[in-house]
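Order of the sequence lines fixes the chain letters, A, B, ..., with proteins taken first and strands second; residue numbering starts at 1 for each chain. As a basis for the values below, the full set of heavy atoms in this structure was taken, side chains included, without hydrogen atoms, waters or symmetry mates.
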2 protein chains.
Amino acid sequence: MRIGELAKRAGTSTRTLRYYEARGLLPARRADNGHRTYDEDDLRLLREIRTLQDFGFELEETRPFLECLRAGHPAGDSCPASLAVYRRKLAELDDLIGRLADVRDQVERQLAGAEEAAGGAAAPRCEMTP
Amino acid sequence: MRIGELAKRAGTSTRTLRYYEARGLLPARRADNGHRTYDEDDLRLLREIRTLQDFGFELEETRPFLECLRAGHPAGDSCPASLAVYRRKLAELDDLIGRLADVRDQVERQLAGAEEAAGGAAAPRCEMTP
DNA sequence: GTATGCGTTGACGCCGACGTCAAGGCAAGG
DNA sequence: CCTTGCCTTGACGTCGGCGTCAACGCATAC
(Lines give C-alpha, C1' and ligand atoms only; values in the text may rest on other atoms or scores of the structure.)
Protein backbone atom coordinates (compact mmCIF):
# COMPACT_ATOMS: atom_id res chain seq x y z
CA MET A 1 0.00 0.00 0.00
CA ARG A 2 1.34 3.41 -0.92
CA ILE A 3 0.89 6.68 0.88
CA GLY A 4 -2.14 7.85 -1.07
CA GLU A 5 -4.12 4.73 -0.38
CA LEU A 6 -3.25 4.70 3.30
CA ALA A 7 -4.25 8.33 3.59
CA LYS A 8 -7.56 7.66 1.91
CA ARG A 9 -8.30 4.61 4.02
CA ALA A 10 -7.52 6.48 7.22
CA GLY A 11 -9.34 9.61 6.15
CA THR A 12 -6.28 11.81 6.39
CA SER A 13 -3.82 13.41 3.99
CA THR A 14 -0.49 12.34 2.54
CA ARG A 15 1.02 15.46 4.05
CA THR A 16 -0.04 14.27 7.46
CA LEU A 17 1.55 10.87 6.91
CA ARG A 18 4.82 12.43 5.81
CA TYR A 19 4.64 14.65 8.85
CA TYR A 20 4.16 11.67 11.15
CA GLU A 21 7.12 9.98 9.55
CA ALA A 22 9.28 13.06 9.97
CA ARG A 23 8.30 13.10 13.65
CA GLY A 24 9.26 9.45 13.91
CA LEU A 25 5.74 8.36 14.78
CA LEU A 26 4.96 6.32 11.72
CA PRO A 27 8.12 5.34 9.81
CA ALA A 28 7.60 3.77 6.39
CA ARG A 29 9.39 1.07 4.43
CA ARG A 30 10.48 2.11 0.98
CA ALA A 31 9.92 0.43 -2.37
CA ASP A 32 12.76 0.25 -4.90
CA ASN A 33 11.60 3.44 -6.53
CA GLY A 34 11.70 5.28 -3.22
CA HIS A 35 7.94 5.27 -2.68
CA ARG A 36 6.73 4.77 0.86
CA THR A 37 5.16 1.39 1.53
CA TYR A 38 2.68 0.64 4.29
CA ASP A 39 0.80 -2.43 5.48
CA GLU A 40 -2.29 -3.14 7.52
CA ASP A 41 -0.41 -2.76 10.78
CA ASP A 42 0.50 0.76 9.79
CA LEU A 43 -3.15 1.47 9.19
CA ARG A 44 -3.88 0.22 12.67
CA LEU A 45 -1.20 2.46 14.12
CA LEU A 46 -2.45 5.40 12.15
CA ARG A 47 -5.97 4.87 13.40
CA GLU A 48 -4.64 4.78 16.94
CA ILE A 49 -3.00 8.15 16.38
CA ARG A 50 -6.15 9.62 14.89
CA THR A 51 -8.35 8.36 17.69
CA LEU A 52 -6.10 9.86 20.32
CA GLN A 53 -5.81 13.07 18.35
CA ASP A 54 -9.59 13.30 18.36
CA PHE A 55 -9.39 13.07 22.13
CA GLY A 56 -7.13 16.09 22.09
CA PHE A 57 -3.89 14.23 22.70
CA GLU A 58 -0.79 15.85 21.33
CA LEU A 59 1.19 13.84 18.83
CA GLU A 60 3.96 13.14 21.30
CA GLU A 61 1.44 11.75 23.73
CA THR A 62 0.40 9.11 21.25
CA ARG A 63 3.91 7.71 21.03
CA PRO A 64 3.62 5.34 24.00
CA PHE A 65 0.48 3.83 22.49
CA LEU A 66 2.26 3.20 19.21
CA GLU A 67 5.26 1.65 20.90
CA CYS A 68 2.90 -0.53 22.87
CA LEU A 69 1.22 -1.78 19.73
CA ARG A 70 4.55 -2.33 18.00
CA ALA A 71 5.69 -4.36 20.98
CA GLY A 72 2.93 -6.77 20.11
CA HIS A 73 0.37 -5.87 22.71
CA PRO A 74 -3.26 -6.27 21.73
CA ALA A 75 -4.17 -2.63 22.41
CA GLY A 76 -2.26 0.62 22.48
CA ASP A 77 -3.23 1.17 26.09
CA SER A 78 -2.03 -2.22 27.32
CA CYS A 79 1.21 -0.72 28.60
CA PRO A 80 1.98 1.25 31.77
CA ALA A 81 3.36 4.19 29.80
CA SER A 82 0.04 4.54 28.00
CA LEU A 83 -1.86 4.37 31.25
CA ALA A 84 0.35 7.10 32.61
CA VAL A 85 -0.60 9.28 29.65
CA TYR A 86 -4.26 8.54 30.28
CA ARG A 87 -3.95 9.60 33.89
CA ARG A 88 -2.02 12.71 33.05
CA LYS A 89 -4.60 13.62 30.44
CA LEU A 90 -7.42 12.97 32.84
CA ALA A 91 -5.86 15.32 35.37
CA GLU A 92 -5.27 17.95 32.70
CA LEU A 93 -8.85 17.66 31.54
CA ASP A 94 -10.23 17.96 35.05
CA ASP A 95 -8.11 21.00 35.67
CA LEU A 96 -9.03 22.62 32.38
CA ILE A 97 -12.72 21.86 32.71
CA GLY A 98 -12.71 23.25 36.23
CA ARG A 99 -11.08 26.49 35.15
CA LEU A 100 -13.38 26.84 32.18
CA ALA A 101 -16.38 26.28 34.44
CA ASP A 102 -15.14 29.04 36.71
CA VAL A 103 -14.74 31.38 33.78
CA ARG A 104 -18.13 30.38 32.48
CA ASP A 105 -19.76 31.30 35.77
CA GLN A 106 -17.96 34.60 35.95
CA VAL A 107 -19.01 35.48 32.42
CA GLU A 108 -22.56 34.49 33.23
CA ARG A 109 -22.56 36.70 36.28
CA GLN A 110 -21.12 39.59 34.30
CA LEU A 111 -23.78 39.09 31.67
CA ALA A 112 -26.56 38.96 34.24
CA GLY A 113 -25.31 42.09 35.93
CA ALA A 114 -24.93 43.99 32.68
CA GLU A 115 -28.32 42.86 31.41
CA GLU A 116 -29.95 43.96 34.62
CA ALA A 117 -28.24 47.33 34.50
CA ALA A 118 -29.25 47.84 30.87
CA GLY A 119 -32.77 46.52 31.34
CA GLY A 120 -33.26 48.53 34.51
CA ALA A 121 -32.28 51.74 32.76
CA ALA A 122 -33.92 51.20 29.39
CA ALA A 123 -37.06 49.38 30.49
CA PRO A 124 -37.61 49.89 34.20
CA ARG A 125 -41.14 48.48 34.16
CA CYS A 126 -42.04 44.96 35.03
CA GLU A 127 -42.13 42.41 32.24
CA MET A 128 -45.92 42.19 32.18
CA THR A 129 -46.27 43.01 28.51
CA PRO A 130 -49.57 41.77 26.99
CA MET B 1 2.48 58.69 30.98
CA ARG B 2 4.79 56.91 28.56
CA ILE B 3 4.64 53.35 27.38
CA GLY B 4 6.98 51.92 29.99
CA GLU B 5 5.04 53.30 32.91
CA LEU B 6 1.71 52.18 31.51
CA ALA B 7 3.08 48.70 30.93
CA LYS B 8 4.38 48.53 34.47
CA ARG B 9 1.14 49.80 36.01
CA ALA B 10 -0.90 47.29 34.03
CA GLY B 11 1.50 44.44 34.62
CA THR B 12 2.19 43.89 30.95
CA SER B 13 4.97 44.64 28.49
CA THR B 14 5.71 47.50 26.14
CA ARG B 15 5.70 45.01 23.31
CA THR B 16 2.14 44.13 24.17
CA LEU B 17 1.08 47.77 24.13
CA ARG B 18 2.68 48.37 20.77
CA TYR B 19 0.94 45.25 19.54
CA TYR B 20 -2.43 46.50 20.76
CA GLU B 21 -1.82 49.79 19.02
CA ALA B 22 -0.89 48.03 15.79
CA ARG B 23 -4.12 46.07 16.05
CA GLY B 24 -6.00 49.32 16.55
CA LEU B 25 -7.18 48.37 20.01
CA LEU B 26 -5.32 50.93 22.04
CA PRO B 27 -4.12 53.85 19.90
CA ALA B 28 -1.74 56.29 21.54
CA ARG B 29 -1.24 60.02 21.30
CA ARG B 30 2.29 61.06 20.49
CA ALA B 31 4.56 63.54 22.22
CA ASP B 32 6.68 65.94 20.15
CA ASN B 33 9.57 63.53 20.23
CA GLY B 34 7.43 60.72 18.85
CA HIS B 35 7.03 58.93 22.16
CA ARG B 36 3.65 57.37 22.86
CA THR B 37 1.62 59.16 25.50
CA TYR B 38 -1.12 57.58 27.58
CA ASP B 39 -3.50 58.76 30.28
CA GLU B 40 -5.57 57.18 33.03
CA ASP B 41 -8.37 56.34 30.61
CA ASP B 42 -5.94 54.30 28.57
CA LEU B 43 -5.00 52.41 31.70
CA ARG B 44 -8.65 51.68 32.27
CA LEU B 45 -9.03 50.42 28.73
CA LEU B 46 -5.91 48.34 29.04
CA ARG B 47 -7.19 46.75 32.22
CA GLU B 48 -10.44 45.94 30.47
CA ILE B 49 -8.49 44.15 27.76
CA ARG B 50 -6.44 42.22 30.28
CA THR B 51 -9.45 41.15 32.29
CA LEU B 52 -11.21 39.83 29.22
CA GLN B 53 -8.02 38.18 28.03
CA ASP B 54 -7.84 36.37 31.35
CA PHE B 55 -11.32 35.11 30.64
CA GLY B 56 -10.01 33.64 27.42
CA PHE B 57 -11.46 36.28 25.10
CA GLU B 58 -9.60 36.86 21.90
CA LEU B 59 -8.29 40.36 21.32
CA GLU B 60 -10.88 41.09 18.66
CA GLU B 61 -13.60 40.13 21.09
CA THR B 62 -12.51 42.85 23.49
CA ARG B 63 -13.03 45.55 20.90
CA PRO B 64 -16.73 46.14 21.59
CA PHE B 65 -15.95 46.62 25.28
CA LEU B 66 -13.33 49.23 24.48
CA GLU B 67 -15.60 51.07 22.08
CA CYS B 68 -18.26 51.02 24.76
CA LEU B 69 -15.95 52.59 27.30
CA ARG B 70 -14.72 55.15 24.78
CA ALA B 71 -18.32 56.07 24.06
CA GLY B 72 -18.52 57.21 27.67
CA HIS B 73 -20.39 54.31 29.18
CA PRO B 74 -19.60 53.50 32.79
CA ALA B 75 -18.58 49.90 32.06
CA GLY B 76 -17.26 48.04 29.04
CA ASP B 77 -20.25 45.74 29.10
CA SER B 78 -22.87 48.48 29.15
CA CYS B 79 -23.44 48.14 25.42
CA PRO B 80 -25.45 45.60 23.43
CA ALA B 81 -22.43 44.59 21.34
CA SER B 82 -20.57 43.63 24.51
CA LEU B 83 -23.52 41.64 25.76
CA ALA B 84 -23.61 39.83 22.45
CA VAL B 85 -19.97 38.88 22.92
CA TYR B 86 -20.76 37.65 26.43
CA ARG B 87 -23.56 35.47 25.13
CA ARG B 88 -21.50 34.12 22.30
CA LYS B 89 -18.68 33.34 24.68
CA LEU B 90 -21.04 31.68 27.09
CA ALA B 91 -22.35 29.44 24.34
CA GLU B 92 -18.81 28.64 23.21
CA LEU B 93 -17.79 27.80 26.74
CA ASP B 94 -20.79 25.56 27.28
CA ASP B 95 -20.08 23.76 24.06
CA LEU B 96 -16.40 23.39 24.78
CA ILE B 97 -16.92 22.28 28.36
CA GLY B 98 -19.48 19.76 27.21
CA ARG B 99 -17.17 18.27 24.63
CA LEU B 100 -14.28 18.19 27.06
CA ALA B 101 -16.48 16.44 29.61
CA ASP B 102 -17.37 13.84 27.00
CA VAL B 103 -13.73 13.30 26.19
CA ARG B 104 -12.90 13.15 29.86
CA ASP B 105 -15.42 10.38 30.41
CA GLN B 106 -14.22 8.43 27.42
CA VAL B 107 -10.63 8.67 28.60
CA GLU B 108 -11.69 7.60 32.06
CA ARG B 109 -13.49 4.60 30.65
CA GLN B 110 -10.51 3.68 28.52
CA LEU B 111 -8.29 3.97 31.56
CA ALA B 112 -10.57 1.86 33.69
CA GLY B 113 -10.79 -0.81 31.03
CA ALA B 114 -7.07 -0.89 30.43
CA GLU B 115 -6.29 -0.96 34.14
CA GLU B 116 -8.67 -3.85 34.64
CA ALA B 117 -7.17 -5.75 31.74
CA ALA B 118 -3.65 -5.16 33.01
CA GLY B 119 -4.50 -5.90 36.62
CA GLY B 120 -6.49 -8.97 35.71
CA ALA B 121 -3.64 -10.41 33.66
CA ALA B 122 -0.67 -9.48 35.78
CA ALA B 123 -2.23 -9.89 39.22
CA PRO B 124 -5.36 -11.97 38.89
CA ARG B 125 -5.75 -12.44 42.63
CA CYS B 126 -7.83 -10.24 44.85
CA GLU B 127 -6.15 -7.22 46.37
CA MET B 128 -5.88 -8.77 49.83
CA THR B 129 -2.14 -8.30 50.12
CA PRO B 130 -0.91 -8.23 53.75
C1' DG C 1 32.53 63.11 26.67
C1' DT C 2 30.00 59.13 27.84
C1' DA C 3 27.34 55.86 30.24
C1' DT C 4 22.62 54.93 31.36
C1' DG C 5 18.01 54.56 30.47
C1' DC C 6 14.15 55.70 28.26
C1' DG C 7 11.96 55.65 23.67
C1' DT C 8 11.43 54.42 18.29
C1' DT C 9 10.65 51.07 14.03
C1' DG C 10 11.47 46.70 11.69
C1' DA C 11 11.75 42.12 11.43
C1' DC C 12 12.31 37.39 12.69
C1' DG C 13 11.11 33.47 16.25
C1' DC C 14 7.80 30.56 18.64
C1' DC C 15 4.27 26.75 19.15
C1' DG C 16 1.40 22.55 16.77
C1' DA C 17 -0.20 20.16 13.13
C1' DC C 18 -0.34 20.37 9.29
C1' DG C 19 -1.82 23.10 4.13
C1' DT C 20 -0.01 24.41 -0.02
C1' DC C 21 2.99 25.35 -3.65
C1' DA C 22 7.29 24.29 -6.44
C1' DA C 23 9.99 21.38 -9.23
C1' DG C 24 10.92 17.15 -10.50
C1' DG C 25 10.71 11.59 -11.33
C1' DC C 26 8.60 7.47 -13.03
C1' DA C 27 4.91 4.44 -15.08
C1' DA C 28 0.94 3.33 -17.76
C1' DG C 29 -2.35 4.44 -21.42
C1' DG C 30 -3.87 6.78 -25.69
C1' DC D 1 5.34 11.32 -28.03
C1' DC D 2 2.43 13.28 -24.67
C1' DT D 3 -0.78 13.38 -20.96
C1' DT D 4 -2.38 11.84 -16.59
C1' DG D 5 -1.59 10.49 -12.12
C1' DC D 6 0.91 8.87 -8.65
C1' DC D 7 5.08 9.63 -6.06
C1' DT D 8 9.47 12.37 -4.18
C1' DT D 9 11.90 16.34 -1.37
C1' DG D 10 12.05 21.14 0.10
C1' DA D 11 10.40 25.06 1.80
C1' DC D 12 7.23 28.64 3.03
C1' DG D 13 2.36 29.90 5.04
C1' DT D 14 -1.20 29.58 8.73
C1' DC D 15 -3.13 31.22 13.40
C1' DG D 16 -2.59 34.39 18.12
C1' DG D 17 -0.23 36.93 21.04
C1' DC D 18 3.22 38.30 21.81
C1' DG D 19 9.13 37.59 22.92
C1' DT D 20 13.40 38.92 21.42
C1' DC D 21 16.83 40.93 18.99
C1' DA D 22 18.87 44.84 15.98
C1' DA D 23 20.05 49.41 15.20
C1' DC D 24 19.05 53.68 16.14
C1' DG D 25 17.59 58.50 18.66
C1' DC D 26 17.26 61.54 22.47
C1' DA D 27 18.04 63.14 27.23
C1' DT D 28 19.72 63.33 31.68
C1' DA D 29 23.51 62.44 35.09
C1' DC D 30 28.10 62.01 36.05
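The residues A/Arg104 and A/Glu108 are annotated as salt-bridged, a charged nitrogen and a carboxylate oxygen being separated by less than 4.0 angstrom. We find that A/Glu21 and A/Arg29 are not joined by a salt bridge, their nearest charged nitrogen and carboxylate oxygen being 4.0 Å or further apart. Ion pairing of B/Asp54 with B/Arg50 is absent here, as no side-chain N (NZ or NE/NH1/NH2) approaches a carboxylate O to less than 4.0 Å. Between B/Arg88 and B/Glu92, at least one side-chain N (NZ, or NE/NH1/NH2) sits under 4.0 Å from a carboxylate O, which counts as a salt bridge. Checked for salt-bridge contact, A/Glu67 and A/Arg70 miss the test: no charged N lies under 4.0 Å from a carboxylate O.
Taking atom CD of residue A/Glu21 and atom C1' of nucleotide D/dG10, one finds them 15 Å apart after rounding to whole Å. Atom pair B/Arg18:CZ and C/dT9:P shows a separation of 7 Å (rounding to whole Å applied). Counting to the nearest Å, the P atom of C/dG7 and the CD atom of B/Glu5 are 9 Å from each other. Taking atom CD1 on A/Ile3 and atom P on C/dG25, their separation rounds to 20 Å, with Å as the unit. Across the protein-nucleic acid pair, B/Asp32 atom CG and D/dC26 atom P stand 13 Å apart, rounded to whole Å. Between A/Leu46 atom CG and C/dC18 atom C1' the separation is 14 Å, expressed in whole Å. Rounded to a whole Å, the CG atom of A/Leu6 is 10 Å from the P atom of D/dC7. In this structure, A/Met1 places its CE atom 16 Å from C1' of D/dC7, rounding to the nearest Å.
Residue B/Ser13 places at least one side-chain N or O under 4.0 Å from the OP1 or OP2 atom of D/dG19. Contact between the side-chain N/O atoms of B/Arg36 and the OP1/OP2 oxygens of C/dT9 is found at a separation under 4.0 Å. Taking 4.0 angstrom as the limit, B/Arg2 places none of its side-chain polar atoms (N or O) nearer than this to OP1 or OP2 of D/dC26.
Between A/His35 and B/Leu17, the residue anchored nearer the 5' end of DNA chain D, judged by the nucleotide with its closest heavy atom, is A/His35. In terms of position on DNA chain C, the residue among A/Asn33 and A/Thr12 whose nearest nucleotide sits closer to the 5' end is A/Thr12.
Proximity of the aromatic rings of B/Phe65 and B/Tyr86 is defined here by a centroid distance below 6.0 angstrom, and this criterion is met.
Checked by atom type, the side-chain pair A/Arg18/A/Thr14 shows a donor-acceptor distance below 3.5 Å.
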Using a cutoff of under 3.5 Å, can you pull out all pairs of nitrogen or oxygen atoms linking the protein to nucleotides 13-17 of chain D, with atom names and distances?
| from | atom 1 | to | atom 2 | distance (Å) |
| --- | --- | --- | --- | --- |
| D/dG17 | OP1 | B/Leu59 | N | 3.2 |

